[in-house]
Amino acid sequence: MDLPLNVLPAKTDGRFPGLAIGTSYAAGAGPAIQPKSPIDGAVTAEVGTASPDDVGKALEAAQQAFLKWRAVPAPRRGELVRRIGNLVRENIDDLAKLVTLEAGKIPAEAQGEIQEWVDVCDFAVGLSRQLYGLTIASERPEHELVENWRPLGPVGVISAFNFPAAVWAWNGMVGLVCGDPIVWKPSEQTPLISLACHEMVLRAAASMDDVPADVSSVVLGAADAGQALAEDPRAKLVSATGSIPMGRKVAQTVGARLGRCLLELGGNNGMIVTPSADMEMAVRAIVFSAVGTCGQRCTSLRRLIVHKNIANAMAERLKKTYATLPIGDPTKEGVLVGPLVGEAAYKQMRDSIAQAKDQGGELLCGGDRLESGAPEGGFYVEPAIVRMPAQTEVVLTETFAPLLYLLEYETFDEAIDLHNGVPQGLSSAIFTGDMREAMRFIGPAGSDCGLANVNVGTSGAEIGGAFGGEKETGGGRESGSDSWKQYMRRTTSTINHGAELPLAQGIVFGE
Ligand code: UN1
């Protein structure tokens, strides 16, 4: 695949920059990397990386930019994001191409990811005129209590390979209208799309005369770059998306300096299918959620909890549908299931299937690597379904691959218990025609996840809602609704417009 050079910065000495601080690109003081495309294992490019020291430089530049950016009126900050959105619309094909190359997504899903960026731009532009506060009745005469939201400061974003543009965009576009510069540490697997994202910001910023270019920077690198970002008190918010162990490390590091973090970690997403469900719709939703993006979304469906009377029929339907899935090179027309990100992911999938069998599971289909019909250097697998006798240990962990566990339930209470009986709490779904079951599922005694869907699969959320989850998923909320509040600091002001100085709680102090 030819690189879409028109959306990328120039190379120096045959290498793409590893450090981008506003308009200044540099190789970065870390070792160069050669990421491989999941499609065929071929090296996509040689790219520099940033050292922990470079991360400090980016944060310093972000802090300086913040002093200017926070004074620019929010609707004007929205204008920057509006222009970014327009550039993304113009370049959607090239940007999506990079997502396919580096993350192995099929074009429809790669385009969908860039569309999420466009959508969150639109959302953030509107938001830039709605960063509203409150006035609160004061207990004192001639006093006002006023709540305002102010820009927070530089935001560090750590993101994963599987949504290499959208996750940064949710944080970045909202953060920018909130008045915060963004310092981004993307996955080492996806450096090119992140440089292209930064380019879009730079080009939009260059078309305005009141935007400090240093509102955006990219620090490519390994875990030590992420660690440097988490440690640095100049990062006023650290928003991290990825594995639970990574999030735990970030939370501990940020917590040690009493900083603020926003975590969006693993899911172990479940769906309950009850006897009154529309089977046709359920099967379509299951297949998209479980095998879309080759099972590599944090919202991918991992656990299917089906009523015992329909479990056999469901297993048969799914086996039939799985047998017809077009797996292979994601750039080929008609393919729905692309590659796993690499060998480690494949090994993890094999390992989990072996463990599931040891724990009493029956492999209904899939699990093998494709021997033909796909590029040799890639890891193409047949999506797997394992029928489990119980929610055993392996089912409690997230395997980032197209591996679906099928569990049975008898009573609705049991279904909810099974559903909530895992440490993660990101996305969940119920398929039912019964309003009582649906309302119970989304109610206080139902799903304990951040996302609880009815007759909709677990993956593919829109940007307008707050996105994130509970328990080991980390508790953060990104993107829509009032997630913006995390990117700002709240001030409560008591204003006395009278000529007396009454104290709260009626305290009389001296005269
Ligand atoms: C992720 O996998 O990190 O809801 C995010 C979805 C997408 C985002 C997934 N909008 O599946």
Side-chain angles (χ1 to χ4, degrees), residues 7 22-23 61-92 95 113-134 146-157 159 165-184 194 196-218 236-237 239 262 462-467 477-491:
V7 292
T23 53
Q63 175 58 29
Q64 294 311 314
F66 174 61
L67 303 181
K68 299 189 191 120
W69 191 232
R70 68 181 177 188
V72 173
R76 187 73 190 151
R77 300 195 296 250
E79 176 62 18
L80 170 67
V81 172
R82 194 179 68 81
R83 291 182 192 208
I84 296 171
N86 287 345
L87 282 170
V88 179
R89 281 182 172 89
E90 281 167 30
N91 292 288
I92 193 162
L95 294 164
E113 167 159 11
I114 303 301
Q115 185 60 43
E116 281 200 43
W117 181 3
V118 171
D119 295 343
V120 80
C121 283
D122 287 353
F123 176 85
V125 174
L127 188 61
S128 72
R129 290 182 185 269
Q130 299 177 78
L131 301 172
Y132 48 80
L134 291 173
V146 180
E147 185 174 282
N148 277 295
W149 292 90
R150 308 298 187 195
L152 182 66
V155 171
V157 176
S159 65
V167 167
W168 162 81
W170 302 340
N171 287 281
M173 302 306 105
V174 172
L176 283 173
V177 300
C178 289
D180 304 336
I182 312 296
V183 178
W184 181 18
S194 43
C197 290
H198 176 71
E199 268 293 309
M200 296 299 114
V201 179
L202 285 188
R203 291 176 198 180
S207 72
M208 293 170 69
D209 56 14
D210 50 356
V211 182
D214 292 354
V215 292
S216 174
S217 36
V218 178
K236 291 293 179 289
L237 172 71
S239 174
L262 194 173
E462 303 174 16
I463 61 90
F467 183 90
R477 292 296 187 280
E478 291 170 320
S479 192
S481 184
D482 66 351
S483 305
W484 61 270
K485 291 182 174 172
Q486 294 161 108
Y487 303 82
M488 303 200 84
R489 84 187 149 78
R490 185 195 321 236
T491 57

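Note that the coordinates shown come from a computational prediction; the quantities given were computed from them, not determined experimentally.
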>> Using the rule given for side-chain contact (heavy atoms from CB on, under 4.5 Å), can you reason through Leu152 versus Tyr487, listing the C-alpha separation, both sets of side-chain angles and the distance that settles it, and then say yes or no?
In response: CA-CA 6 Å; Leu152 182 66; Tyr487 303 82; 5.5 Å; no
>> Using the rule given for side-chain contact (heavy atoms from CB on, under 4.5 Å), can you reason through Val155 versus Lys236, listing the C-alpha separation, both sets of side-chain angles and the distance that settles it, and then say yes or no?
In response: CA-CA 6 Å; Val155 171; Lys236 291 293 179 289; over 6 Å; no
> Where do Tyr132 and Asn148 land on the side-chain contact (heavy atoms from CB on, under 4.5 Å) test, with the steps shown first?
Replying inline: CA-CA 7 Å; Tyr132 48 80; Asn148 277 295; over 6 Å; no
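Heavy atoms only, all atoms of each residue included: Ser159 and Trp184 are closest at OG-NE1, 2.8 Å. Nearest heavy-atom pair across His198 and Ser216 is ND1-OG, 2.7 Å. Heavy-atom minimum distance, Pro151 versus Gly179: CB-O, 3.7 Å. Pairing each heavy atom of Val81 with each of Ala124, the nearest pair is CG1-CB, 4.0 Å. Heavy atoms only, all atoms of each residue included: Gly480 and Phe123 are closest at CA-CZ, 3.5 Å. Shortest non-hydrogen contact noted between Ala466 and Ser481 is N-CB, 3.8 Å.
Other residues, nucleotides and ligands place no more than 12 heavy atoms under 6.0 Å from the CZ atom of Arg129. Within a 6.0 Å sphere centred on CD of Gln130, heavy atoms belonging to other residues, nucleotides or ligands number more than 12.
The CD atom of Glu90 sits 11.0 Å away from the CG atom of Leu95 when rounded to the nearest 0.5 Å. With values rounded to the nearest 0.5 angstrom, Asn86 atom CG is found 8.5 Å from Cys121 atom SG. Here the CG atom belonging to Asn171 is positioned 3.5 Å from the OG atom belonging to Ser239, to the nearest 0.5 angstrom. Note that the CG atom of Leu202 and the SG atom of Cys197 stand 11.5 Å from one another [nearest 0.5 Å]. The CG atom of Leu176 lies 12.0 Å from the CG atom of Leu127; values are rounded to the nearest 0.5 Å. Atom-to-atom distance recorded for Met200:CE and Arg203:CZ is 4.5 Å, nearest 0.5 angstrom.
Using a 4.5 Å heavy-atom threshold, the side chains of Val211 and Val72 count as separate. Side chains of Leu131 and Met488 form a contact here, defined as non-hydrogen atoms less than 4.5 Å apart. Gln486 is listed as a side-chain neighbour of Arg477, based on a closest heavy-atom distance under 4.5 Å. A 4.5 Å side-chain heavy-atom check between Val7 and Glu199 finds every atom pair outside the cut-off.
Listed for the Arg82 side chain is no donor-acceptor partner under 3.5 Å among the backbone atoms of Asp122. Judged by distance alone, with hydrogens and angles left aside, the side-chain atoms of Glu113 form a donor-acceptor pair with the main-chain N or O of Ala165 at under 3.5 Å. A distance-only check finds a donor-acceptor pair linking the side chain of Arg77 to the backbone of Val177 [under 3.5 Å]. Although no hydrogens or angles enter the test, the distance criterion places a donor-acceptor pair under 3.5 Å between the side chain of Ser479 and the main chain of Ile463. In this structure, the side chain of Ser483 engages the main chain of Glu478 through a donor-acceptor pair within 3.5 Å.
Here Trp117 and Trp170 keep their ring centres 6.0 angstrom or further from each other.
Of the charged side-chain nitrogens involved, at least one lies within less than 4.0 Å of a carboxylate oxygen, so that Arg76 and Asp210 count as a salt-bridged pair. Between Arg489 and Asp180 there is no salt bridge, since no side-chain nitrogen of the basic residue lies less than 4.0 Å from a carboxylate oxygen of the acidic one.
Using modelled atom types and a 3.5 Å distance limit, the side chains of Trp168 and Ser194 yield no donor-acceptor pair. Using a 3.5 Å distance cut-off with no hydrogens or angles, the side chains of Glu147 and Thr491 do not pair a donor with an acceptor. A side-chain N or O of Gln115 and one of Asp119 form a donor-acceptor pair less than 3.5 Å apart.
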